[in-house]
Each structure stands twice: as C-alpha cells, then as structure tokens.
Amino acid sequence: MSSPSPLSAGIRRRFFLCLTVVFGLAQPGSGAPRTDAQVKAVWLAKFMHYVQWPEKSFPRTDQPMIIGFLADDPVAKEFAGVVSDGNYTVKGRSLTIKRSSRPGDLASCQAVFISKTAHTNAATVLASFQGTGVLTVSDMDLFVSGGGMIGFRSEGDRVTFEINRVAARKEGLRIGADLMAIAQKPK
Amino acid sequence: MKPPLHFTRRLSVRAKLMLAITGTACISLLLACGLFVAHELMTFRQSLITRVAVLADVLALDSAAPLDFDDRERAREILESMAAAPSIVAAGLYTSHGELFASYSHSGTPFEMPMPPTHGGPRFEHGRLLLFRPVIRDAQEIGTIGLVASSGELHERIVSYGIISAMVLTGCLGFAAVLGSLLQRRISKPVANLAATSTLISEGKDYSVRAAVETDDELGQLAVSFNHMLDRIQERETTLVLANSELRRQMDARVQAEQALKALNEELERRVEKRTAELRRSNSELEQFAYIASHDLKEPLRMVVSYLQLLDRRYKEKLDEQGREFLNFAVDGGLRMQALIMDLLAFSRVNTQKNPFTSVELNPLIESVVGDLKLAITEAGATITRGDLPTIKGDAAQLARLFQNLLGNSIKFRGKEPPRITVSARRDDHGWRFGVSDNGIGIEPQYFERIFVIFQRLHGRTEYPGTGIGLAVCKRIVERHGGRIWVESEPGKGTTFYFTIADHIPDDA
C-alpha cells in the first residue's frame, strides 16, 4: 500500500486541515481580525524567537522561559491564552507566566511586559531590571527612547514596534537582524 | 540489394575512402558533441536547481520575521531582492495556510504564483523551474517560499552549444577532408594503378604486363601477389596453348582414323551385301534345284513303283519265295523314296510355293486337320482337345501342315497309354504362343535342338516310320510367320511343342 487511495488521501488532507486550524490558533499572524491586545500578546511570544539571551539567563538547560507581567492587563490575559496549552515552545523551552506588581520579583524572568495600564514610571521600572538580562517590552509611549528594549506602538488599527538595540546589548541580549528589519525606526 | 549499396557501389575507392573518413569523423564528432551538450545541459539544469534552492533557502531565512509579524511590505522587499537574480522570474511567500502572503515577479514577465504551494522536489514546467522551500523558524514550519526560475538561459545555452558544435563540426570536417584526401591518395593511388593494370590485362589479354610495387604495406603485397598471379597465369597460358595444339593434333589424327574406319566399314558392308546376294542367289538356285530334282524324280519313281507293284500283282505266283521277298524290298524302297521325295518337296515348297497371308480362323482349321488324321487317331485311340483358338494372319495351307505335322508326331510317338493331346493358345506381347502337348514318350533334353534339323531321326525306321523332315518343315513354316519353335519335354512323361506367330510378319515372308 505504498500509494494511498483517493479516500485515504482525502482523510489525510482533512486531518492536516484540522492540525493547521489548531496550529493556527496557537500561531497568530493570520486569520480573523484581532484586537490590539491579541496582536501584542502573540507578538510578545514571537519576540522570544528572535532574541538571544546570555548563558547566565538560563542556569538549567530544561528551564522554561518565564515571561513576567507587572500588571494584570488585557495583553497578559491574551498571552495566557497563547501559552495555555503548553505546546508553544521557544528553542525547546516552554513558556510560563509570572505576575507581580513589584519589579524586583520579576528579575529572574527572561522577559517582562510592562503594560501602559500599570501606570508606572518607565525609568523606575527599567532601573530595577538593570543588570538582570531581562528583555523589557512595553506598550508605553516613549518606552524605547527612555531605555526600554522593545516598545509597541499603535498606528491607527495597526500595531508596530520599535527596538532599542543598544539597550538590549547593554544587558547582554542580542536581537536578530531580521527582527530589526521589521521594527520601526525610533522617532 | 538495398539502395544505399547501389549508391556506394558506383563510387570509386577514392570516393569511398573519403566518404568513410569524413563519415566516421562526422559521426564521432556528432556523437561527442551530442554527449557533451547533453551532459552540459544536465549539469546546467542541476546547477540551476542548486542555485535556485540556495536563493530560496536564503529567502526562507529572511522571510520568517515578516511572516511572524505580518509585515507584507518587508516580505515584498525581501522577495524583490530577487531582482538581482535575473533568472528568477517570480517569487512568492505563502503562509502556513497556503495563502500567498507576498509575491514578486520580474518586470516584464508577469507570473501568477501557483496556489497553494506544491510540495515535493523541484520541477520543470513550460520551460520554467518551480521550486518550493519551507520557511522554518525555530523548528517550526511557518510558511513556504516559492521560486520560479526561467530556463531561458538553458535555451540560450542550447543555441550557443549548437552553434559551437556546428562550428567545431565544420572545422573538424574540413580538417578531416583535407587530411583524408592526403591519406587516401596514398591508398587509392596504388589501388587505381592495380585496377588500371588489371583492365589492361583483361582487355588486351597481355599477361606480360606487371603492376608497379610502390609500397611495402598490404597494397604493396597485393601488387606483389597480383604479379605472382600473373606469372602463374602466363605460365598456365603457355602450357594451355601447347596442350591445345597437342589436342588439336590428336583430334585431327582421330578424325583421320575415323574416316579410314568409315571407309573400311563401307567396303565391308559392300562386301557383305555382295556376299549375301551371292548366297541368296545360290540358296535360291539350290532350292530351285532341290524342288526341280524332287519334282522331276517323282515321275520316274512313280513309274518304277507302279510297275513294281504291277509285277507283284501279276507275276507273284511265278516267282519263288526269295524272288517275292526281293520284289517286296524293291516296292518298299520305292514307296519310301516316294515319301521322302514328297516330304522334300513339301520342305522346299515352304519357300518356293508360298501363298499370300490371309486371315485364318484356327478353330475350323484344326477341325479339318483332325478330320484328315481321323484314321491315325482312331487307330491309336487318341483324344484331341483344343482351347478356343484365335484368328491370325498367315498362310492357311502352311498352318494346316504345321498343325498336322505336330499332331501327327504326337500320335506317332505315343507311349503305352492312348495319346491325349491338347492344343492351346496364349496371347503374348507381340503375337500368339501356341502349345501342342501330349503324354507320349518324350525327348531327351540333348536332342531339343537337333530334332528341328532336316533328316535328323532319333529312332530306328522300323520302330517309328518317318523321313526326318516334318519338324524341319514346321520350323520353316513358323519362321516364315515371324515366330520361333521350341520343345519342352521329359522322357516318358510327354512333350510340348511351342511356337509363336507374330502379329506383324517380316516383309520377305
């Protein structure tokens, strides 16, 4: 039975279709129109693929990648949805969420999302992550020019992001050139 | 024969050599060029695939981020980098759902990227190479990159290879032709010389001509062999001429001998004819003499016998016993002489007094013969049976005498039992065969021939009376009828006389 019959080929095609639908949910970037928060959550997860952490950030090889959230905002909620099924892995590591209102608690994370709904001072927060090798992401205005690494921007109904490569380099993080190519130039 | 052979048959060796040289060069060059071009094209195709695959892989690496972050503009920018690769006609980036995310097509050649992207190896379609590579980010397939490369370069290459091949072919052929004509001259010239020599010989029959030996190769050997052959032929020719003249001389001698023999034969035949005529004449004279003698003897003898009998009748009483005995002897001798003369006359009459041949019915003829012999038959108590006898051509009187003699013999030479005689006839190839068989005393085999000779008797006169002429007469009659007579017998058991009568009688019969 080396060549499948038309029937079994049809079944297989349907099976793959199901897979891509499931995968599609876990892999945003296409499909139905999404909310601002949804896009940010998905992209936040995807940033992880394009960033290289120093070795000290992962003491253990099987250690999951921890994403910290300073506030329980819509992006955090959507992000929980993205990683909830546990299938989403970055470089072989699963993603876990850590929430805390105190930045000091999140110093052991690999990345931190600072929501503009947290109403905190960007400079203070950023100062608390200095020297920790944590990737800082935020949708606050002027985040990147203030020393943050990746900052979301909403232009109409379109979401873009800026990158401060120097800030990342300072923390020992390397951001891929392909991501840089996508990113908006800081204003 | 096939047409190409007809074509090459007419060509001279020179032309054939040229044809062979240039033909071989042409075919090998074509083969080499063909193989080279095929190999080049295959290599080119493979290298095209490799190049396009590398490009696709590079594009796939760069395309991950635009796909991830939904940046179609960036994706298009990446695809448009293909403008630097002129062979790439079109490029397309597909999402993992198979939707076309971004596309690029070379200016001037609009191309619709196939939807959805196909998987599997690279393939050529309508002179274009289609190649798809997955876009992999972090071990996850998040899309597909598709490249369409024009194989126009391939066609250009084919054309340029064709031109180069044609040029190489023309150049090489020209070179081969020049070289071939130089080489073939060395081969064809001796061959042509040889051919000219052989023509000279076959037309002029002059075997003293010799071919020039110019080289030491096979052609030189051929010329040497040819000359040897000519030597032989010349020798043989000389021998043949000698043998011919000898033969002619012998023939002449034989013709002369034959002519002499013929003349001798004719002379002999003339002599035989002469001798035969003489013999025939003397034979007929002899027969005439015998006939006349016996005929003329008859009359005085009759007188002697008559008067002896008269003497016996009238003066028997006046003679004493011895006188009467002497008279009896005289009468008896006269009567015997009369019988002898009658038989002799009959014998000579077979040839001198012959009747023309007529149709003779043998059945009534036998009846009449039996009637003539009635006295002897009754006296001997003989039984004569006959089969159905045919009608034949012959002398009726002579045939009657023939049967009478044979039947008479059978009655005369009977044994102790009353004679039983059978006359039969059987058809042969050329006539009839008759048989007269009896149960008489029989004949010893040594006498089978003698009995047919005139005056031959096997028995004493007192035992069986007779003159010894009867069977000789029978033989003469049968021979006159174109047949032969013979006897089969066993002493004491019986005798059968056979004779044949031919359908066609000899002319002098």
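Computed over heavy atoms, backbone and side chain alike; hydrogens, waters and symmetry mates excluded. Labels below follow one simple rule: chain letters A, B, ... track the order of the sequence lines, proteins then strands, and each chain is numbered from 1.
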Between B:Ala64 and chain A, with a heavy-atom cut-off of 4.5 Å, which part of the residue counts as in contact: side chain, backbone, both or neither?
both
Counting only non-hydrogen atoms closer than 4.5 Å, does B:Ile78 touch chain A with its backbone (N, CA, C, O), its side chain (CB onward), both, or neither?
neither
Measure distances from A:Phe47 to the heavy atoms of chain B and classify the residue's part below 4.5 Å as side chain, backbone, both or neither.
both
Chain B contact via A:Val159 - side chain, backbone, both or neither, heavy atoms under 4.5 Å:
neither
Where does the angle between the aromatic ring planes of A:Trp43 and B:Phe69 fall among parallel (under 30°), tilted (30 to 60°) and perpendicular (over 60°)?
perpendicular
Got more than 12 heavy atoms from elsewhere within 6.0 Å of [atom1], [X]?
X        : atom1 : value
A:Asn121 : CG    : yes
B:Glu73  : CD    : no
B:Phe175 : CZ    : no
A:Lys170 : NZ    : no
B:Arg51  : CZ    : yes
A:Arg174 : CZ    : no

What are the two closest non-hydrogen atoms of A:Asp178 and B:Leu61, and how far apart are they?
OD2-O, 4.3 Å
Looking at CG of B:Asp70 and OG1 of A:Thr160, how far apart are the two atoms once the value is rounded to the nearest 0.5 Å?
12.5 Å
Approximate separation, where rounding is to 0.5 Å, of B:Ile142 CD1 and A:His49 NE2:
8.0 Å
Backbone N/O of A:Lys91 and side chain of B:Asp138: donor-acceptor pair under 3.5 Å
yes
